[in-house]
Amino acid sequence: MVTILSTVEAQAPSTPGPSGCGPVPVAVPVVAVPGPGVAAALPNGAPPGPPMADDSKTNLIVNYLPQSMSQEELRSLFGSLGDIESCKLVRDKVTGQSLGYGFVNYVEAGDADKAISTLNGLKLQTKTIKVSYARPSSASIRDANLYVSGLPKAMGQKEMEQLFSQYGRIITSRILVDQVTGVSRGVGFIRFDKRVEAEEAVRGLHGQKPLGAAEPITVKFANSPGQKSGGALLSLCPSARRYGALHHPPQRFRLDNLLNVAYGVKRFSPLAIEAVPGLAGVGLGAPGAGWCIFVYNLAPEADESVLWQLFGPFGAVTNVKVIRDFATNKCKGFGFVTMTNYEEAAMAIASLNGYRLGDRVLQVSFKTSKQHKA
DNA sequence: TCCCATT
């Protein structure tokens, strides 16, 4: 498809391109803006102005990502299923911390579809990720999340949805439960498709008693994400919590922060590092960097998602690869996994070496080097 | 009283 009025990277954000690789493109119109008297409509009848890409079949939103997962890891995971047009992990503007969700836009709609079917529900560390088509971005879908409290303990998610669904389309709902007993805390969330729907629900349900309930419920807009819920300075730094204040946090955080502060770089990429004097050659986050693990005795049908599922629970995984036969496209029985942190890699190896996967027993070890990686 | 769904 050729759109005459397209501009070279006209939609380029102020940050580097999706891959973070290469220079920031300069917006250069391919053709001059029509002057006075020139018909404003294109031959195909499309309105003038920047072309609106239809991303509805290629653009995915990925929710419930582990806090530690970086944009590079996100790209690596989803890139195993097809060519990615752009990938963005959404992060807190001031702390740079992941907000636990991101977007992956594929080149091909078929790959997006494949990603949903193979990665939705994937367990990564403590999370179960959700992969679904992103709704077209619009102001009307923002701030549509409600906080509900005072729910009867017996009320389940289904019933809560029934109560709220009269006000609009529900995107997500959740009831918080006690971690040990699993009993409802009487507190939940409802995210509507549209903010106006949420507003109506507040008006209609706040202070109301659900059928048969003894107490009225409270319905209000939820705190915006990134707002602190307790704890102080340490809550800004999950890596300090996980690794202890005296230990070094994973280096990708430190480099990421350094790049953000010093250069205003929004995205972390190997090329960005190489562009920073004094960091060249550090290579963290570069493809192949980290601890490479050799996994042997995979089934012929094995695919990348198997490796993510096996190793993801042990920590930061930056890359997985199943080696396939060129002719048959079947796994040749082995693959590789790259993990950022030595301790996590060592734990994964100790746990997974000898692990029985189906009718096979895996052999897992650090890759013994022959340094000719791509 | 708060589960990280709109770049």
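Proteins get letters first, then strands, A, B, ... in listed order; numbering begins at 1 in each. Bear in mind the structure is a predicted one, so any value in this text is a computation, not a measurement.
When the nucleotides dT7(B), dC4(B), dT1(B) are ranked by their closest atom to the side chain of V90(A), dT7(B) comes out on top. Taking the side chain of T218(A) as heavy atoms from C-beta on, and the options dT1(B), dC2(B), dT6(B), the nearest nucleotide is dT1(B). Listed candidates were dA5(B), dC2(B), dC4(B). Nearest to the side chain of F189(A) is dC2(B). Considering only the side chain of Y64(A), dA5(B) comes nearest among dC2(B), dT6(B), dA5(B).
Look at CZ on F192(A): it is 15 Å from P on dT6(B), rounded to the nearest Å. For the pair N59(A) CG and dT6(B) P, the interatomic distance rounds to 13 Å; values are reported in whole Å. The nearest whole Å value for the distance from the CG atom in D178(A) to the C1' atom in dT1(B) is 15 Å. The interatomic distance linking I171(A) (CD1) with dT6(B) (P) rounds to 10 Å, in whole Å. The separation between N63(A) atom CG and dT6(B) atom C1' is 9 Å, rounded to whole Å. Here dT1(B) presents its P atom at 10 Å from NZ of K220(A), a figure rounded to the nearest Å. Look at CG on L146(A): it is 14 Å from C1' on dT1(B), rounded to the nearest Å. For the pair I170(A) CD1 and dC3(B) P, the interatomic distance rounds to 20 Å; values are reported in whole Å.
Here the side chain of S165(A) pairs a donor or acceptor atom with the backbone of E161(A) at under 3.5 angstrom. A distance-only check finds no donor-acceptor pair linking the side chain of R360(A) to the backbone of G333(A) [under 3.5 Å].
With 3.5 Å as the limit, one finds no donor-acceptor pair spanning the side chains of S98(A) and Q67(A). Using modelled atom types and a 3.5 Å distance limit, the side chains of T318(A) and E73(A) yield no donor-acceptor pair.
Take the nearest nucleotide of DNA chain B for Y147(A) and for Y133(A): the residue whose nucleotide is more 5' is Y147(A).
At the heavy-atom level, Y101(A) lies under 4.0 Å from the strands shown only through sugar-phosphate atoms. Within the 4.0 angstrom heavy-atom criterion, base atoms lie near S98(A). In this structure, N105(A) reaches neither bases nor backbone, as no heavy-atom distance under 4.0 Å exists between it and the strands shown. Here L176(A) lies in heavy-atom contact (under 4.0 Å) with sugar-phosphate atoms only.
Taking side-chain N and O atoms only, R174(A) has a distance below 4.0 Å to OP1 or OP2 of dC4(B). The phosphate of dC2(B) (OP1 or OP2) has a side-chain N or O of R185(A) nearer than 4.0 angstrom. Contact annotation: K127(A) reaches the phosphate of dC4(B) (side-chain N/O to OP1 or OP2, under 4.0 Å). In this model, the phosphate group of dT7(B) is approached by a side-chain N or O of S137(A) to a distance below 4.0 Å at OP1 or OP2.
Using a 4.0 Å cut-off between a side-chain N of Lys or Arg and a carboxylate O of Asp or Glu, D178(A) and R185(A) do not qualify as a salt bridge. Ion pairing between a basic and an acidic side chain is recognised when a charged N comes within 4.0 Å of a carboxylate O; R195(A) and E200(A) show no such pairing.
Between the side chain of R135(A) and the base of dT6(B), at least one donor-acceptor pair of N or O atoms lies under 3.5 Å.
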